[in-house]
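In what follows, a structure is listed as structure tokens, so that the remarks can point back to it.
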Amino acid sequence: MTENLSENKNNPSSTNFIENIINEDLKLNKNNNKVHTRFPPEPNGYLHIGHAKSICLNFGIAESYQGLCNLRFDDTNPSKEDVEYVESIQEDVKWLGFSWEDRLFYASDYFEKLYLYAVQLIRDDKAYVDDLSPEEIRQYRGTLTEPGKNSPYRDRSSEENLDLFQKMRSGEYPDGAKVLRAKIDMTSPNINMRDPILYRIMRAHHHRTGDEWCIYPMYDYAHPISDAIEGITHSICTLEFEDHRPLYNWLIDSLIGKIKDFKSRPLQIEFARLNLTNTVMSKRKLRELVEEGHVKGWDDPRMPTISGLRRRGYTPDAIKDFCERIGVAKSNSTVDVALLEHCIREDLNAKAPRVMAVLRPLKVIIENYPEGKVEELEAENNPENPGMGTRKMPFSRVIYIEQDDFMEEPPKKFFRLAPGNEVRLKHAYIIKCEQVIKDEKTGEVIELRCSYDPTTKSGEDTSGKKVKGTLHWVSVQHALKAEVRLYDYLFIEQQETIEDEEKTMVLNPKSLEKLTSYIEPSLINSRSSQRFQFMRNGYFCVDRDSDQDKLVFNRIVSLRDTWSKIKKT
RNA sequence: UGGGGCGUAGCCAAGUUGGUAAGGCACGGGACUUUGACUCCCGCAUCCGUAGGUUCGAGUCCUCCCGCCCCAGCCA
């Protein structure tokens with residue numbers, strides 16, 4: 001029965017529109033019944049959770065159809081690209097748990113072939129060399145509502161074009177002097193079909209081909225051909241390329257009979273990219289956050305980058321689960337970040353060991369507990385999974401509890417500590433608050449004097465007492481000091497005026513709060529990227545800044561907090 | 001005023017050939033609880049952007065209208 005339940009959860013009976021297309025293709029025996037996808041990032045920035053959606057889609061489809069998925073770098077614009085990014089992208093895809101096996105490709109692998117195919121287009125009078133300047137090309141292109149007009153160079157002979165194109169390659173012209181264009185239709189209502197540029201002259205050092213080339217193919221030209229060379233059957237991309245599909249098909253149709261390298265007739269399918277609330281997703285805006293110093297780098301735990309999420313403590317499983325749950329469709333949508341948080345909570349609830357950490361300490365002296373006495377109390381590591389065992393926690397006369405867990409004048413539904421009130425200390429005893437010590441000047445509560453009931457020890461309670469609240473705590477003399485970094489959303493909604501319903505996203509000034517906290521001693525040997533549940537607080541991950549002398553934890557996500565909702569009412 | 005898309009609950013999203021609105025998140029209520037966590041129950045669209053039409057019957061077909069997104073890089 002439990003099997004059925006989990007099956008239903010992970011295998012929704014409904015398929016998305018891309019799977020529907022693939023199922024139809026399979027029914028019609030297209031592509032020899034093979035499914036072959038690719039993830040084609042440009043190595044010009046770090047991957048973010050929106051890319052994770054695409055990665056999960058492409059690799060996931062390959063997996064479920066027993067097909068293949070390639071990793072291909074779309075490196076056709078050397079002026080923006082760098083090996084730093086090709087490395088980080090590979091790391092991120094691997095970390096998510098996908099493998100391209102031996103199929104790591106680059107569009108630049110095909111530069112020579114791409115050149116030859118361009119020559120073929122010229123021979124077929126389907127491409128020509130244009131001498132117009134960038135400004136002139138723009139003017140000749142027309143506008144959204146007016147057709148463009150033909151370039152005066154449009155009718156050069158194939159021979160002349162061949163010669164010119166060869167000279168473009170051999171470096172006889174300066175950057176920008178000439179371009180190779182497809183000869184399609186300058187009056188097309190689709191601007192992408194108004195003789196799109198195929199090649200430009202650009203003397204830029206390429207991270208793989210060095211200075212071998214001074215002409216580089218455009219995305220629109222390189223992409224369909226790369227797909228066909230690799231035998232891609234379904235070329236999945238985002239919505240903004242929908243207008244480019246006629247060009248994609250034009251190129252495939254123009255070359256497919258002529259070129260023996262084409263292993264498939266790929267079909268481009270477009271889906272809506274991911275947007276998330278409380279953050280930004282464009283490479284440009286993410287770069288701005290880094291460059292303007294709003295965050296510490298691409299892997300700042302507040303960033304929606306894969307590397308940021310990884311450092312924050314997110315698991316690949318949670319991210320993949322998220323990508324499955326959001327679905328795939330064609331409508332622009334913004335997913336509530338609460339769903340992402342739900343996914344990591346669900347994953348970590350099962351996996352993360354529980355420990356006690358007091359984020360904002362309040363000293364408690366248990367007056368009737370013998371001075372100098374230390375008890376080693378047994379604590380389970382995960383009530384969800386008894387197999388994770390137990391550990392010992394030292395208990396003594398002076399402890400810290402959370403400041404939020406005490407109120408001098410508690411409201412009705414406050415189940416925690418208050419003057420004269422009893423609560424249980426998790427894994428330990430029931431204590432009662434006897435006296436409140438305040439700072440004489442500020443009136444701030446600085447210490448509590450409590451008593452404990454020796455008959456209420458966890459596991460051997462003979463008192464029959466029932467208390468509503470259970471608090472976490474650490475023993476002052478045993479606790480470890482740690483830096484705890486609390487992260488909040490990078491962006492928050494702000495209403496412009498009271499009547500204005502328009503909300504704008506503004507940078508959250510409190511997206512990071514650093515605390516000095518006290519952690520139970522069992523964490524002394526914790527290692528970078530280990531994850532824990534700090535009981536009653538949230539899930540935390542050891543940051544890579546952490547070492548034996550200074551422990552550093554990142555809050556991945558807080559626990560659901562019903563009390564904070566009650567408190568507000 | 002051109003072309004391409006999209007509009008199903010607060011947020012995502014199913015809804016093959018028209019047959020009487022899945023699921024998840026969020027939210028509300030309750031049970032349980034040595035994490036106010038987890039888990040478990042219950043509730044949450046008389047209605048599918050709007051208005052007409054076809055039909056015994058329409059979210060699904062037709063027409064009008066409205067709204068939102070994308071396209072005029074020698075970026076991807």
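Naming convention: chains lettered A, B, ... in sequence-line order (proteins, then strands); numbering from 1 in each chain.
Counting non-hydrogen atoms under 4.0 angstrom, A:D243 reaches a base of the nucleic acid. Within 4.0 Å of A:T334, counting heavy atoms only, lie sugar-phosphate atoms of the nucleic acid but no base atom. Using a 4.0 Å heavy-atom criterion, one finds that A:I326 contacts the sugar-phosphate atoms exclusively. Contacts of A:I137 with the nucleic acid, taken as non-hydrogen atoms under 4.0 Å apart, include base atoms.
Toward the 5′ end of RNA chain B lies the nearest nucleotide of A:P189, the other residue of the pair A:R245 and A:P189 mapping further downstream. Nearest-nucleotide assignment on RNA chain B puts the 5′-proximal partner with A:A338, out of A:A338 and A:I201.
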With the criterion being N/O to N/O and under 3.5 Å, what pairs connect the protein with nucleotides 41-43 of chain B, and how long is each?
none

Worksheet item: Reading nucleotides 30-40 of chain B from the 5' end, what letters show protein touch, with B for base, S for backbone sugar-phosphate only, - for no heavy atom under 4.0 Å?
Response: ----BBBBB--
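Between the side chains of A:S188 and A:N190, no donor-acceptor pair of N or O atoms lies under 3.5 Å. Checked by atom type, the side-chain pair A:K283/A:N44 shows a donor-acceptor distance below 3.5 Å. Counted by atom type alone, A:D347 and A:T315 present one or more donor-acceptor pairs between their side chains at under 3.5 Å.
Without hydrogens or angle criteria, A:Q268 side chain to A:F241 main chain gives a donor-acceptor distance under 3.5 Å.
Scored by the side chain to side chain contact (heavy atoms under 4.5 Å, CB included) test, A:P410 finds A:M407, A:F414, A:A418 as partners (sequence neighbours excluded). Residues that satisfy the ring pair (Phe, Tyr, Trp, His ring centres under 6.0 Å) test with A:Y221, not counting sequence neighbours, are A:Y199.
Ring geometry for A:Y219 versus A:H223: interplanar angle of 30 to 60°, hence tilted. Ring geometry for A:W213 against A:Y115 counts as tilted: the plane angle lies between 30° and 60°, on a 0 to 90° scale.
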Could you pull out every donor-acceptor pair under 3.5 Å between side chains of residues 167-182 of chain A and any protein atom, sequence neighbours left out?
{"from": "A:K167", "atom 1": "NZ", "to": "A:D163", "atom 2": "OD2", "distance (Å)": "3.0"}
{"from": "A:R169", "atom 1": "NH1", "to": "A:E112", "atom 2": "OE2", "distance (Å)": "3.2"}
{"from": "A:R169", "atom 1": "NH2", "to": "A:E112", "atom 2": "OE1", "distance (Å)": "2.7"}
{"from": "A:S170", "atom 1": "OG", "to": "A:Q166", "atom 2": "O", "distance (Å)": "3.3"}
{"from": "A:S170", "atom 1": "OG", "to": "A:K167", "atom 2": "O", "distance (Å)": "3.2"}
{"from": "A:D175", "atom 1": "OD1", "to": "A:R203", "atom 2": "N", "distance (Å)": "3.1"}
{"from": "A:D175", "atom 1": "OD1", "to": "A:R203", "atom 2": "NH1", "distance (Å)": "2.7"}
{"from": "A:D175", "atom 1": "OD2", "to": "A:R203", "atom 2": "N", "distance (Å)": "3.0"}
{"from": "A:R181", "atom 1": "NE", "to": "A:D130", "atom 2": "OD2", "distance (Å)": "3.2"}
{"from": "A:R181", "atom 1": "NH1", "to": "A:D195", "atom 2": "O", "distance (Å)": "2.8"}
{"from": "A:R181", "atom 1": "NH2", "to": "A:D130", "atom 2": "OD2", "distance (Å)": "3.0"}

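Separation of the P atoms belonging to B:A51 and B:A58 is 15 Å when rounded to the nearest angstrom. Atom P of B:U17 sits at a distance of 31 Å from the matching atom of B:C68, rounded to the whole Å.
Here the rule is salt bridge (Lys or Arg N to Asp or Glu O under 4.0 Å) with A:E378, and of A:K392, A:K457, A:R391 only A:K392 fits it.
We find that A:E384 and A:K351 are not joined by a salt bridge, their nearest charged nitrogen and carboxylate oxygen being 4.0 Å or further apart.
Listed nucleotides: B:G28, B:A76, B:C12. Nearest to the side chain of A:R200: B:A76.
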Worksheet entry | Dot-bracket line, read 5' to 3' along RNA chain B, where crossing pairs take [ ] and | marks a partner on another strand, Watson-Crick or G-U under 3.5 Å | .(((((((.[[[..)...(...]]].(((((.......))))).....[.[[[..)....]]].])))))).....
